[in-house]
> 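Could you have a look at this structure, given as structure tokens, before my questions?
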There are 2 protein chains.
Amino acid sequence: MPSSESSGGSVWLRPERPPRDRRLTRGRIVDVAVAVLDAEGHRGLSMRRVATELGVTAGSLYWYVDTKDDLLELALDRVLAEVRAGAGTSDWRDGLAALARSNRAMLLRHRWALSELTVRPNLGPNALALAETGLRLLERAGFAGPDLDAAMAAVNDHVVGAVIAEAAWRDTLARMSGTGSGWDERAAEYLRQAAERHPTLAGRMAATGEIDVERESERRFAFGLGCLLDGLAVRCATPSPS
Amino acid sequence: MPSSESSGGSVWLRPERPPRDRRLTRGRIVDVAVAVLDAEGHRGLSMRRVATELGVTAGSLYWYVDTKDDLLELALDRVLAEVRAGAGTSDWRDGLAALARSNRAMLLRHRWALSELTVRPNLGPNALALAETGLRLLERAGFAGPDLDAAMAAVNDHVVGAVIAEAAWRDTLARMSGTGSGWDERAAEYLRQAAERHPTLAGRMAATGEIDVERESERRFAFGLGCLLDGLAVRCATPSPS
DNA sequence: ACCTGAACACCGTTCAAGT
DNA sequence: ACCTGAACACCGTTCAAGT
């Protein structure tokens, strides 16, 4: 007998330790972070919540991640991977529009990502890849130098701004229908007074009351994107083939 | 002697109670909330912080405000008042551009307001007034009906999107220069690898390295706004007089 | 190397109790 | 009517100690 395992008895009495005895991974942590964010929104995410979801203590997450902000940065890049460039379309306008629409759709799926964009640098691999494909499309259109940057920024800014506006709109509607009686009356009174002071706005609000938010948001997005692309077409060397 | 003040002794020994014995006001609370937000950013605002700044307990704020979110909503509308429409310019393009620039400037002064826009409905009086003046300008340009809404949204979206991008950019630079040694080296290595995979992006990043963020951000903002206004000019009945 | 448990210094919000 | 004090149920983060 080559003697003694450190703790006495038979080997069989000691449980085999897990293959690499690590229960966690950055990947798994980001998985549940995204899941929690999608389900409960920005407010619902806490280190303790993610930890218990993984059957683990809050402190152990800090072995894989320096801070909660880091985790959010990882989560943002994770969902950024969902944005897909349309398969090689010949027209740069179509390609750019498809990219913008895909970006918008992703942000609508993960609305918490907007709050991240407002603060975080966003230098993850997926963000970089996305920027590259956008720039290539605009390069093909004839943009170069600083105008290339500005054109790219203009399109991205429209996407982000539009989704923010849509999210705020949806939140307002949800809050109005959500609360019990009393809200409608006070809101109606408030808006009636506002209408007197702001006739143009009042006219538009009355017209918008009956409209489907989904369709109208898409219409506005397309309208703004169309304006933008028209402006870009004027400024680039290679006009769109039409 | 008409006898007894409730607590004995001379009147002079009892301090005169403050005129209306209320130390707080919604207005004053919002004042310090905005001040704290401007100084320490979104993270720095807490009910206890605002309370101590006012020489008061945290709980007392809830007499004037239902929740912290309410306070943020009030703070947002407060800074929205800073946005000024340019004095009646005849050209709708100039008027709209001036409004957009004023809006952008305000958001850059109070960057925490961006984080509010992403979530909050924003139905305050100043927000409504702002919408009214914008709509009037576009109405004068010849827009009406749903296109009027879409045109307004397009301009606002560009402002919000552009400021978000600029804020993120500035944050990245601040973070890069802020931390001690080690950051630059690791960042350089990371970006070098990224450059191999993304040549177009790499070219732009190299060119942007030496540029003044302030000027370049303004240039990009003007570029996008120009594109947008060109597109709007095509779509409205009354073309810009030029 | 990887995770636990407990602690520290905070939060927003509520609510009896005082005046 | 307006504010205090104390409590409740949370936070992010750190860090000795275990294995």
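The chains referred to below are lettered A, B, ... by the order of the sequence lines, with proteins before strands, and numbering in each begins at 1.
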> Give DNA chain D the dot-bracket treatment, 5' to 3': Watson-Crick (N1-N3 with N6-O4 or O6-N4) or G-U (N1-O2, O6-N3) under 3.5 Å, [ ] crossing, | other strand.
||.|||||...|||||.||

> Could you tell me whether B:Leu45 contacts a base, only the sugar-phosphate backbone, or nothing, with contacts defined as non-hydrogen atoms closer than 4.0 Å?
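Sugar-phosphate, no base atom in range.
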
> Side chain of B:Arg48, heavy atoms from C-beta onward: which of C:dT13, D:dC11, D:dC2 has the nearest atom to it?
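Among the listed nucleotides, the one closest to the side chain of B:Arg48 is C:dT13.
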
> Distance check, C1' atoms only: C:dA1 and D:dA17, in whole angstrom units.
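Roughly 14 Å separates the two C1' atoms.
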
> Identify which nucleotide among D:dT14, C:dC3, C:dG12 has an atom closest to any side-chain atom of A:Tyr62, counting heavy atoms from C-beta outward.
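My answer, after comparing the listed nucleotides, is D:dT14.
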
> Going through the checks in order, is the salt bridge (Lys or Arg N to Asp or Glu O under 4.0 Å) test met by B:Arg170 and B:Glu214?
CA-CA 9 Å; B:Arg170 291 194 129 111; B:Glu214 186 92 16; 2.6 Å; yes

> Counting side-chain heavy atoms from CB outward, which of D:dG12, D:dC2, C:dG12 is closest to B:Met47?
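Nearest nucleotide to the side chain: C:dG12.
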
> As a quick check of understanding, evaluate side chain to side chain contact (heavy atoms under 4.5 Å, CB included) for B:Arg84 and B:Met106, giving each step before the final call.
CA-CA 10 Å; B:Arg84 288 263 141 268; B:Met106 177 255 119; over 6 Å; no

> Is a side-chain donor or acceptor of B:Arg23 paired with a backbone partner of B:Gly55 at a separation under 3.5 angstrom?
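Here the side-chain-to-backbone pair exists.
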
> Under the salt bridge (Lys or Arg N to Asp or Glu O under 4.0 Å) criterion, do A:Arg109 and A:Asp38 qualify, and how do the steps go?
CA-CA 8 Å; A:Arg109 276 196 300 272; A:Asp38 284 343; over 6 Å; no

> Does D:dC2 have its OP1 or OP2 closer than 4.0 Å to a side-chain nitrogen or oxygen of B:Ser60?
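So the side-chain polar atoms of B:Ser60 never come under 4.0 Å of the phosphate oxygens OP1 or OP2 of D:dC2.
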
> So, does B:Thr67 get its side chain near the phosphate of C:dT13, meaning an N or O under 4.0 Å from OP1 or OP2?
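Yes, within the criterion.
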
> Starting from the 5' end of DNA chain D, give me the residue, A:Arg49 or A:Gly59, whose nearest nucleotide shows up first.
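Nearer the 5' end of the strand: A:Arg49.
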
> Give the rounded distance in Å between these two atoms: CZ of A:Arg28 and P of C:dC2.
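Rounded to whole Å, this separation is 15 Å.
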
> For A:Ser46 and A:Arg49, indicate whether the former's side chain and the latter's backbone hold a donor-acceptor pair under 3.5 Å.
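Confirmed, A:Ser46 side chain pairs with A:Arg49 backbone.
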
> If you check every side-chain atom of B:Val56, which of C:dG12, D:dT4, D:dC2 has the closest atom?
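That would be D:dT4.
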
> What do the steps show when you test A:Glu218 against A:Arg215 for salt bridge (Lys or Arg N to Asp or Glu O under 4.0 Å), and what is the final call?
CA-CA 5 Å; A:Glu218 274 162 14; A:Arg215 298 179 99 75; over 6 Å; no

> Rounded to whole Å, how long is the line connecting atom CG of B:Leu54 with atom P of D:dT4?
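Atom-to-atom, B:Leu54 to D:dT4, this comes out as 11 Å.
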
> Please give, in whole Å, the distance from C:dG5 P to A:Leu61 CG?
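So the CG-P distance, A:Leu61 to C:dG5, works out to 14 Å.
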
> Does OP1 or OP2 of D:dC2 have a side-chain N or O of B:Arg22 closer than 4.0 Å?
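Indeed, a polar side-chain atom of B:Arg22 lies that close.
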
> Between B:Trp63 (CH2) and C:dG18 (P), how many Å, whole number?
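Checked: the CH2 to P distance equals 17 Å.
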
> Please check if the side chain of B:Ser102 supplies one atom and the backbone of B:Ala98 the other of a donor-acceptor pair under 3.5 Å.
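It does not hold such a pair.
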
> How many whole angstroms separate atom CD of A:Glu40 from atom C1' of D:dC10?
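Between C1' of D:dC10 and CD of A:Glu40: 15 Å.
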
> Starting at CZ of B:Arg43 and ending at C1' of C:dC11, how long is that distance when rounded to a whole Å?
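The distance from CZ of B:Arg43 to C1' of C:dC11 comes to 13 Å, rounded to the nearest Å.
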
> How long is the span from the CD1 atom in B:Ile164 to the CG atom in B:Leu107, to the nearest 0.5 Å?
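Here the interatomic distance stands at 9.0 Å.
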
> Tell me: CG of A:Leu24 to C1' of C:dC3, nearest whole Å?
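Result: 9 Å.
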
> Applying a 4.0 Å non-hydrogen cut-off, can you work out what A:Thr57 is touching in the nucleic acid: base, sugar-phosphate, or nothing?
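It contacts base atoms.
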
> Nearest whole Å is fine: how far is C:dT14 P from B:Asp70 CG?
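Taking CG of B:Asp70 and P of C:dT14, I get 11 Å after rounding.
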
> Taking only N and O in the side chain of B:Arg23, is any of them less than 4.0 Å away from OP1 or OP2 of D:dA1?
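So the side chain of B:Arg23 is outside the cut-off, no N or O lying under 4.0 Å from OP1 or OP2 of D:dA1.
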
